[in-house]
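This structure is a prediction, so every number in the text was calculated from the model and none was measured.
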Amino acid sequence: MSTNFAIAFCNTYIHVKLDPDFVISTESMNKLWLRLAEASSLYNCQHIFAEGLMPSRRMDMAGAFVSGDKLAQSIAGLYMACFFEGYETDELTEFFKTVARNRGAMVEFFNTREEAFRWLGINLPQENHPGEPNNNHVTYFLM
């Protein structure tokens, strides 16, 4: 059970990588939204790609409402694409997305990284080959 994640700025988007045992809860999402708001402000970037293994969730409708509202208030003009292996959207996910959207934040969940990057309008990062420089311009912000 974890509330840990890593955030990196990748030149045109912010990358969020959740720990393998990340738990979606009011506490973990408040922490994540606060750190994302800091990174978004620092890098003047509203495009977020979040990924991880299928997180467990300890949140009800009231928590989803507060979370969607807080996210939208934290980052004006947010576009957030989420790819969590094995995650299937449900009523609570759709409610969270609706709350965020009604407040100006666009959040979507995808089955593949490719779909998520296409929706964000950014190029999928290239795999680096041995001996080639890293052209992704990644700056790690918080862990």
Side-chain angles (χ1 to χ4, degrees), residues 1-128 132-143:
M1 209 166 82
S2 172
T3 62
N4 296 325
F5 51 85
I7 296 178
F9 178 62
C10 300
N11 202 29
T12 57
Y13 67 97
I14 296 170
H15 182 198
V16 176
K17 179 106 172 133
L18 304 180
D19 272 8
D21 58 347
F22 188 84
V23 175
I24 295 172
S25 67
T26 301
E27 174 192 352
S28 65
M29 300 319 290
N30 284 341
K31 179 180 169 183
L32 179 57
W33 300 156
L34 175 66
R35 299 297 180 248
L36 270 178
E38 291 170 353
S40 175
S41 177
L42 179 65
Y43 296 109
N44 192 28
C45 182
Q46 292 77 30
H47 288 83
I48 314 291
F49 171 67
E51 70 174 324
L53 300 176
M54 187 171 102
S56 61
R57 184 172 60 195
R58 294 192 178 146
M59 187 174 284
D60 58 12
M61 284 289 193
F65 179 87
V66 170
S67 186
D69 182 56
K70 185 169 278 198
L71 174 61
Q73 288 182 29
S74 298
I75 305 171
L78 169 83
Y79 281 83
M80 183 170 172
C82 303
F83 169 66
F84 305 125
E85 281 188 47
Y87 187 78
E88 294 185 26
T89 60
D90 59 10
E91 184 179 339
L92 195 59
T93 306
E94 293 301 320
F95 180 67
F96 165 76
K97 288 172 28 180
T98 299
V99 170
R101 183 177 49 248
N102 287 343
R103 286 151 181 77
M106 300 300 295
V107 180
E108 280 298 334
F109 292 78
F110 297 92
N111 294 321
T112 68
R113 284 181 183 86
E114 293 79 10
E115 291 173 319
F117 276 90
R118 190 174 20 254
W119 181 80
L120 283 172
I122 56 179
N123 293 326
L124 191 64
Q126 298 298 316
E127 296 282 331
N128 287 327
E132 290 183 12
N134 182 340
N135 293 323
N136 292 336
H137 306 287
V138 175
T139 303
Y140 283 94
F141 179 67
L142 295 169
M143 293 197 150

Could you check whether the rings of Phe22 and Phe5 sit parallel, tilted or perpendicular, using 30° and 60° as the cut-offs? perpendicular
Locate the shortest heavy-atom distance separating Pro20 from Leu53; write the atom from each residue and the value. CB-CD1, 3.8 Å
Min side-chain heavy-atom separation Phe95-Met61 under 4.5 Å: yes
Quick check: do Arg57 and Asp90 have side-chain heavy atoms less than 4.5 Å from each other? yes
Met106 vs Arg101, test: side-chain contact (heavy atoms from CB on, under 4.5 Å). Steps then yes/no. CA-CA 5 Å; Met106 300 300 295; Arg101 183 177 49 248; 3.9 Å; yes
Atom SG of Cys45 and atom CG of Leu78: how far apart are they, to the nearest 0.5 Å? 9.5 Å
Taking the six-membered ring for Trp, are Tyr87 and Phe109 closer than 6.0 Å centroid to centroid? yes
Mind listing the closest non-hydrogen atom pair of Gly86 and Met54 along with its distance? O-SD, 2.9 Å
Once rounded to the nearest 0.5 Å, what's the spacing between atom CG of Asp60 and atom OG1 of Thr26? 7.0 Å
Measuring from Arg58:CZ to Ser25:OG, what's the distance to the nearest 0.5 Å? 8.0 Å
Rounded to the nearest 0.5 Å, the CG atom of Leu71 sits from the CG atom of Leu32 at a distance of 8.0 Å
Distance, nearest 0.5 Å, that separates NZ of Lys31 from OG1 of Thr3: 3.5 Å
Kindly assign one of parallel, tilted or perpendicular to the pair Tyr43 and Phe9, based on the angle between their ring planes and the thresholds 30° and 60°. parallel
Side chain Thr98, main chain Glu94, donor-acceptor under 3.5 Å: yes
Decide yes or no for Ser28 and Val23: does some side-chain heavy atom of the first lie under 4.5 Å from some side-chain heavy atom of the second? no
Does one side chain, of Glu115 or Asn111, offer a donor that lies under 3.5 Å from an acceptor on the other? no
Result for side-chain contact (heavy atoms from CB on, under 4.5 Å) between Ile48 and one of Leu120, Ile14, Val107 points to Ile14
If you count every heavy atom of other residues, nucleotides or ligands that lies below 6.0 Å from Glu27 atom CD, does the total exceed 12? no
Heavy atoms of other groups near Phe84 CZ, more than 12 under 6.0 Å: yes
If you draw a 6.0 Å radius around NZ in Lys70, do more than 12 non-hydrogen atoms from other residues or ligands fall strictly inside? no
Check Ala72 against Ala100 and note the closest heavy-atom contact, atom names and distance. CB-O, 3.9 Å
Asn4 side, atom CG; Asp21 side, atom CG - distance, nearest 0.5 Å: 8.0 Å
Tell me if the aromatic rings of Phe117 and Tyr13 count as close, with their centers under 6.0 Å from one another. yes
Are any non-hydrogen side-chain atoms of His47 and Thr12 less than 4.5 angstrom apart? no
So, for Phe49 and Ala116, which heavy atoms are closest and what is the spacing to 0.1 Å? CE1-CB, 3.7 Å
Within-4.5 Å side-chain heavy-atom neighbours: Gln46 and Met80: no
Taking the side chain as C-beta and beyond, is there a heavy-atom pair between Arg113 and Leu124 under 4.5 Å? yes
Could you check Glu51 against Val16 for side-chain contact (heavy atoms from CB on, under 4.5 Å), going step by step and ending with a plain yes or no? CA-CA 6 Å; Glu51 70 174 324; Val16 176; over 6 Å; no
Minimum heavy-atom distance between Ala39 and Ile7, given as atom pair plus value: CB-CG2, 4.1 Å
Any donor-acceptor N/O pair, Trp119 side chain to Ala81 backbone, under 3.5 Å: no
